[in-house]
Chemist: 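Handing you this structure, nothing more for now.
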Amino acid sequence: MNQSKAVPAGSATLVYENKSFELPVLAGTEGPKVVDIRKLYGEADLFTYDPGFTSTASCESDITFIDGDRGILLYRGYSIDELAEHSNFLEVCYLLLYGKLPNKQQMLGFDRAITRHTMVHEQLASFFHGFRRDAHPMAIMCGVVGALSAFYHDSTDINDPRQREIASHRLIAKIPTIAAMAYKYSTGQPFVYPLNNLGYTDNFLRMTFAVPAEEYRVNPVMSKALDTVFILHADHEQNASTSTVRLAGSSGANPFACIAAGIACLWGPAHGGANEAALKMLEEIGTVDRIPEFVRRAKDPNDNFRLMGFGHRVYKNYDPRAKAMQVQCHAVLDELGIHDEPLLKVAMELERIALQDEYFVQKKLYPNIDFYSGITLRALGFPTSMFTALFALARTVGWIAQWMEMIEDPQQKIGRPRQLYTGATPLDYVPLDRR
Ligand code: SDX
């Protein structure tokens, strides 16, 4: 983003203590207009207050648009449904990074650039051996991706567009290798090197599931399903982990450290950790007859249990990704000949019950992307502990596209929110012998 595209759209008047303040209103191309409060503190000595940023636009962005009421998700203007049906993850990476769908030559060049960066420095492997074998893959991903800074810190001048592009290619290319290594390390199996004659998702599946003792053949149906899962997770506007990456990047930190910060934030069960939590919840429910007990708990204000994979800060209608995920879930189970997956039965019955329940209807709680993804990923052969690492793998392109946009934004400055202070007013120090 080289210059603001916001369009003046009138003004809002704030009247306070018999003074009125005119606040400019700005319009984008889609979605709510914004009240520009940048001068409010200077003119009125007032902060705005918005814990959780539920009504705050933190930046101007061209990348992803979400309409929570209409259940719309666009990557650079293309709907998630069309991309999931017609595109592939590496093409979506190009779209998110460069803002348009590539022609054949551009796609070939991008594919070659990413492929050539899929190997990691051989010394990076030793970082894995510092972890216990039962370390959570997200702990490993946080540590190892952050450690990439040590390998590229001096060679990454974030003010140089070409070096930013190389860092982006490195991260998109190496994150599958690192995720596969995290899985291999947890199993005690040897790391498997990438092969340059395999596509992005095929390469990841082989690095994850191949063993040196025998040939590994990628199942094209599984690869297509996982590739679609990656597309669905690639970006999602200014969610918690993307905002973390932007905030970390606003200080000038190198992109590898910023992506490691995003991974840390994504790990939380309220965010990317929900796919792992949702599957564990379905396993805990176990059978359809136990659903009412869990629905009751989810509605009980005194019980902090929540239906994992349900609800969303923005989608107050169905998460369009959840529908596409359900389609992939059925495709994978059909391919595997699994027609009586008990967790799918529990998930579908739980969804049916919840969508008819007044509590969920009134609070506009629908299944989100994490509700069906766990069943799909488990059917693809991944352990539950790898689910959020797969989310991080896919979201890395979104994080890096948003980081690039933030760096190139002329309005960008270090992020530094203020607060409503409710602590002690000034006190005089009392010596110890008088307390
Ligand atoms: C992701 O932001 C993104 O875009 C995220 C994401 C992405 O792609 O980056 O889409 C990925 O993080 C999806 C969300 C995954 N998380 C879960 O599935 C965890 C379960 N969901 C909730 O924790 C919750 O719905 C959130 C965190 C997702 C959203 O919470 P909000 O918007 O802050 O809403 P809230 O917590 O204020 O809830 C509103 C009300 C509350 O009741 P009241 O206080 O009004 O009485 O709805 C209730 C909540 O108690 N509620 C739920 C619920 N989610 C919200 N009640 C039961 N079960 C739930 N899942």
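Both ligands and their constituent atoms are indexed starting at 1 by order of listing.
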Chemist: Polar contacts were defined as any N/O atom of the residue lying under 3.5 Å from an N/O atom of the ligand; does this apply to G309 and ligand 1?
Modeler: yes
Chemist: Taking the minimum heavy-atom distance to atom 51 (N) of ligand 1, which of D303, V314, L365 ranks first?
Modeler: L365
Chemist: May I ask whether atom 39 (C) of ligand 1 is less than 4.0 Å from at least one protein heavy atom?
Modeler: no
Chemist: Can you figure out which of Q362, K364, R313 has its heavy atom closest to atom 32 (O) of ligand 1?
Modeler: R313
Chemist: Could you tell me whether the side chains of H330 and E341 share a donor-acceptor contact shorter than 3.5 Å?
Modeler: no
Chemist: Considering only non-hydrogen protein atoms, determine which one is nearest to atom 27 (C) of ligand 1 and report residue, atom name and distance to 0.1 Å.
Modeler: A270 O, 3.9 Å
Chemist: Would you say atom 43 (P) of ligand 1 touches the protein, meaning some protein heavy atom is under 4.0 Å from it?
Modeler: yes
Chemist: Using heavy atoms and a 4.0 Å limit, tell me yes or no: is R321 in contact with ligand 1?
Modeler: yes
Chemist: Is NZ or CZ of R206 both nearer than 6.0 Å to the six-membered ring centre of Y216 and within 45° of the ring axis?
Modeler: no
Chemist: What protein heavy atom sits nearest atom 37 (O) of ligand 1, and how far away is it?
Modeler: R306 NH2, 4.8 Å
Chemist: Return yes if a side-chain donor-acceptor contact under 3.5 Å exists between T156 and N254, otherwise no.
Modeler: no
Chemist: Flag the pair D160 and R162 as a salt bridge only when some basic side-chain nitrogen lies within less than 4.0 angstrom of an acidic carboxylate oxygen.
Modeler: no
Chemist: Could you tell me which atoms of ligand 1, counted from 1 in the order shown, lie closer than 4.0 angstrom to a heavy atom of Y359?
Modeler: 48 (C), 50 (O), 52 (C), 56 (N), 57 (C)
Chemist: Can you tell me the protein heavy atom closest to atom 20 (C) of ligand 1 and the distance?
Modeler: F310 O, 3.3 Å
Chemist: For the pair F204 and F382, name the ring-plane relationship: parallel under 30°, tilted 30 to 60°, perpendicular over 60°.
Modeler: parallel
Chemist: Is a salt bridge present between K5 and D62, judged by a nitrogen-to-oxygen distance below 4.0 Å?
Modeler: yes
Chemist: For ligand 1, which atoms sit closer than 4.0 Å to a heavy atom of D370?
Modeler: 1 (C), 13 (C), 14 (C), 15 (C)
Chemist: State which residue, out of Y372, Y318, Y315, F371, fulfils the ring-ring contact (aromatic ring centres under 6.0 Å, His included) condition with F310.
Modeler: F371
Chemist: Quick check on L307 - does any of its heavy atoms sit under 4.0 Å from an atom of ligand 1?
Modeler: yes
Chemist: Enumerate the atoms of ligand 1 whose separation from the nearest heavy atom of A274 is less than 4.0 angstrom.
Modeler: 15 (C), 16 (N), 17 (C), 18 (O)
Chemist: Nearest to atom 14 (C) of ligand 1, what protein heavy atom do you find, and at what distance?
Modeler: N368 ND2, 3.5 Å
Chemist: Regarding E293 and R296, does a basic nitrogen lie under 4.0 Å from an acidic carboxylate oxygen?
Modeler: no
Chemist: Hey, looking at atom 28 (C) of ligand 1, which of A240, G268, G311 has the closest heavy atom?
Modeler: G311
Chemist: Is the ring pair H117/H169 parallel, tilted or perpendicular, if the boundaries are 30 and 60 degrees?
Modeler: tilted
Chemist: Which option wins on minimum heavy-atom distance to atom 11 (C) of ligand 1: M281, H233, K299, H271?
Modeler: H271
Chemist: Relative to each other, are the rings of Y185 and F128 parallel, tilted or perpendicular (30° and 60° limits)?
Modeler: tilted
Chemist: Which value, rounded to the nearest 0.5 Å, describes the distance between L365 atom CG and R306 atom CZ?
Modeler: 8.5 Å
Chemist: Which one of R395, K363, M308 has a non-hydrogen atom at the shortest distance from atom 19 (C) of ligand 1?
Modeler: M308
